[in-house]
Amino acid sequence: QVQLVESGGGLVQAGDSLRLSCAASGRAFSNYAMGWFRQAPGKEREFVAVITRSGSSTYYINSVKGRFTISRDNATNTVYLQMNSLKPEDTGVYYCAASRGYASPVTSGEYDGWGQGTQVTVSS
């Protein structure tokens with residue numbers, strides 16, 4: 001099982017950028033598709049982005065396309081989420097997740113491991 005630790009959250013203004021990092025421990029990081037989810041206050045956790053095991057393919061929800069970029073470094077067991085042009089509606093706790101059994105999972109049930117989350121707050 002892989003253990004995940006997110007970092008990089010914070011309080012920013014609308015239009016600013018943040019880069020989230022997720023460090024994975026354990027073996028065979030490259031065997032996991034990696035995703036980012038977020039949860040706003042009073043709302044359910046939602047899928048944001050996923051990257052395949054090799055990093056060759058990515059997929060995003062429509063609301064972040066063109067603003068967010070997911071990437072990974074299998075040499076350092078790290079996945080990133082670069083977030084540009086942030087909006088107040090991007091506010092929430094962002095979670096990193098790992099999936100061994102699916103190539104490009106987009107639902108929380110397809111993931112095996114989760115980080116503890118990092119808070120992102122975007123003020124208007």
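Only a predicted model underlies this, so the values are computations on that prediction, with no experimental measurement involved.
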Student: Answer yes if Tyr60 and Tyr80 sit in the same cluster of Ile, Leu, Val, Met, Phe, Trp and Tyr residues linked by side chain heavy atoms under 4.5 Å apart, and no otherwise.
Tutor: no
Student: Decide yes or no for Arg45 and Tyr95: does some side-chain heavy atom of the first lie under 4.5 Å from some side-chain heavy atom of the second?
Tutor: yes
Student: Side chains of Phe68 and Asn84, heavy atoms from C-beta outward: is any pair under 4.5 Å?
Tutor: no
Student: Between atom OG of Ser123 and atom CG of Asp16, what is the distance when rounded to the nearest 0.5 Å?
Tutor: 8.0 Å
Student: Do Val120 and Leu18 have side chains that approach each other closer than 4.5 Å (heavy atoms only, starting at C-beta)?
Tutor: yes
Student: Return the minimal non-hydrogen interatomic distance between Ser85 and Asp90, and the atom names on each side.
Tutor: O-OD2, 4.5 Å
Student: Hey, does Ile61 have a side-chain heavy atom less than 4.5 Å from the side chain of Phe47?
Tutor: yes
Student: If only atom types and distance count, is the side chain of Glu6 paired as donor or acceptor with the main-chain N or O of Gln116 below 3.5 Å?
Tutor: yes
Student: Just by modelled atom types, is the Arg100 backbone N or O under 3.5 Å from a matching donor or acceptor in the Asp112 side chain?
Tutor: yes
Student: Is it the case that the side chains of Thr121 and Gln119 hold a donor-acceptor pair, with the cut-off being a distance below 3.5 Å and no angle test?
Tutor: yes
Student: Can you confirm if the aromatic rings of Tyr111 and Tyr102 lie within a centre distance of less than 6.0 Å?
Tutor: no
Student: Does atom NZ of Lys43 have more than 12 heavy-atom neighbours from other groups under 6.0 Å away?
Tutor: no
Student: Count the heavy atoms belonging to other residues, nucleotides or ligands that lie under 6.0 Å from CD of Glu44, then report whether that count exceeds 12.
Tutor: no
